[in-house]
Amino acid sequence: MSAYASTVLNASAEEVWDYLRDFGNLAEWLPGITLCEIEEGDGLRPGAVRRIEGPGGTFRERLLTLDDGSRSATYEILESPLPLRDYRGLYRVSPVTDSGRAFVEWSAAFEADDEAKITKIVTRGIFEPGLAALHKRFPS
């Protein structure tokens, strides 16, 4: 199963990527997150593990790739209060060539017993609010 959300921000792709490439700053912009700390490694390098605290409980995630050339990062969930397995997430920032703005997309593939329910939780409860919050960080 997969989840997906996207938006266009009123900032350059470079400016948005410079902010989003920090794997340790999730609590600064994702609504509901009260703590995000790097437990292992460096938040700007693959292999880093972050612990996230929010209303649903504790998540632990590992940064798998960080590609400045394509302005993308992939990560996996190591521990989650959600009943899902084999979660792999991707976020990417691309330039909108005719306006100079940034196109941001966030997606994930995973397995779950109730895939429709978990897809709705990930998309509407995490991805969409997160992208909406980035509009406040990069206002027009």
Side-chain angles (χ1 to χ4, degrees):
M1 188 47 74
S2 62
Y4 179 85
S6 63
T7 194
V8 175
L9 299 175
N10 290 317
S12 71
E14 292 78 19
E15 182 182 359
V16 174
W17 177 244
D18 283 345
Y19 184 71
L20 290 181
R21 70 185 303 276
D22 182 352
F23 196 58
N25 72 1
L26 197 65
E28 292 179 17
W29 61 272
L30 186 61
I33 301 302
T34 56
L35 173 78
C36 177
E37 67 180 10
I38 299 297
E39 291 184 329
E40 296 175 27
D42 175 347
L44 300 175
R45 297 192 190 289
V49 174
R50 66 184 176 191
R51 191 180 92 215
I52 303 162
E53 298 285 339
T58 301
F59 290 79
R60 290 183 70 243
E61 299 175 339
R62 176 182 296 125
L63 182 62
L64 300 173
T65 66
L66 184 70
D67 186 335
D68 289 327
S70 67
R71 293 182 209 86
S72 66
T74 60
Y75 64 99
E76 66 181 339
I77 291 180
L78 304 173
E79 294 175 24
S80 169
L82 296 174
L84 52 74
R85 302 174 298 285
D86 300 323
Y87 179 104
R88 299 287 184 274
L90 164 73
Y91 51 96
R92 178 183 2 241
V93 181
S94 302
V96 177
T97 59
D98 70 347
S99 68
R101 299 187 321 167
F103 176 70
V104 181
E105 55 188 332
W106 196 357
S107 63
F110 52 86
E111 293 185 23
D113 292 337
D114 189 342
E115 292 180 342
K117 178 181 178 181
I118 299 303
T119 297
K120 184 177 179 180
I121 289 170
V122 171
T123 302
R124 294 187 184 164
I126 301 170
F127 291 178
E128 290 175 359
L131 294 176
L134 288 173
H135 281 277
K136 295 175 185 169
R137 181 152 296 275
F138 298 99
S140 55

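Note that this is a predicted model, so its numbers are computed, not measured. Every heavy atom of this structure was used, including side-chain atoms; hydrogens, water molecules and symmetry mates were not.
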>> I'd like to know whether T123 forms a side chain to side chain contact (heavy atoms under 4.5 Å, CB included) with E128, so could you lay out the CA-CA distance, the side-chain angles of the two residues, the decisive distance to 0.1 Å, and finally the verdict.
In response: CA-CA 6 Å; T123 302; E128 290 175 359; 3.5 Å; yes
> Between R60 and E40, is there a salt bridge with N-O shorter than 4.0 Å?
Replying inline: yes
>> Go through it in stages, so that I can follow the logic: the residues are D86 and F110, the test is side chain to side chain contact (heavy atoms under 4.5 Å, CB included), and I'd like the CA-CA distance, side-chain angles, deciding distance and then a yes or no.
In response: CA-CA 5 Å; D86 300 323; F110 52 86; 5.9 Å; no
> Do we see a donor-acceptor contact under 3.5 Å between the side chains of T34 and E53?
Replying inline: no
> Do the side chains of V8 and F103 get nearer than 4.5 Å, heavy atoms only?
Replying inline: yes
> Does a donor on one side chain sit under 3.5 Å from an acceptor on the other, for E105 and Y4?
Replying inline: yes
> Between K117 and E115, is there a side-chain N and carboxylate O pair less than 4.0 Å apart?
Replying inline: no
> Is the cationic atom of R50 (NZ for Lys, CZ for Arg) positioned less than 6.0 Å from the six-membered ring centroid of Y75 and within 45 degrees of its normal?
Replying inline: yes
> Are the charged groups of R85 and D113 less than 4.0 angstrom apart, N to O?
Replying inline: yes
>> On a heavy-atom basis, which atom in D42 and which in A48 lie closest, and how many Å separate them?
In response: O-CB, 3.1 Å
>> Under 4.0 Å between a side-chain nitrogen and a carboxylate oxygen: does that hold for E14 and R71?
In response: yes
> Sub-3.5 Å donor-acceptor pair from the side chain of S107 to the main-chain atoms of A3, do we have one?
Replying inline: no
> So does R124 have more than 12 non-hydrogen atoms from other groups sitting under 6.0 Å from CZ?
Replying inline: no
> At their closest point, which heavy atom of L44 faces which heavy atom of L66, and how far apart are they?
Replying inline: O-CD2, 3.1 Å
>> So I52 and L35, do their side chains get closer than 4.5 Å, heavy atoms only?
In response: no
> Linking I/L/V/M/F/W/Y whenever any side-chain heavy atoms sit under 4.5 Å apart, do I38 and I77 land together?
Replying inline: yes
>> Side-chain heavy atoms nearer than 4.5 Å, only ILVMFWY residues, links allowed to pass through others: does that put F127 and L90 together?
In response: no
> Is it true that the side chains of E28 and Y19 contain a donor and an acceptor less than 3.5 Å apart?
Replying inline: yes
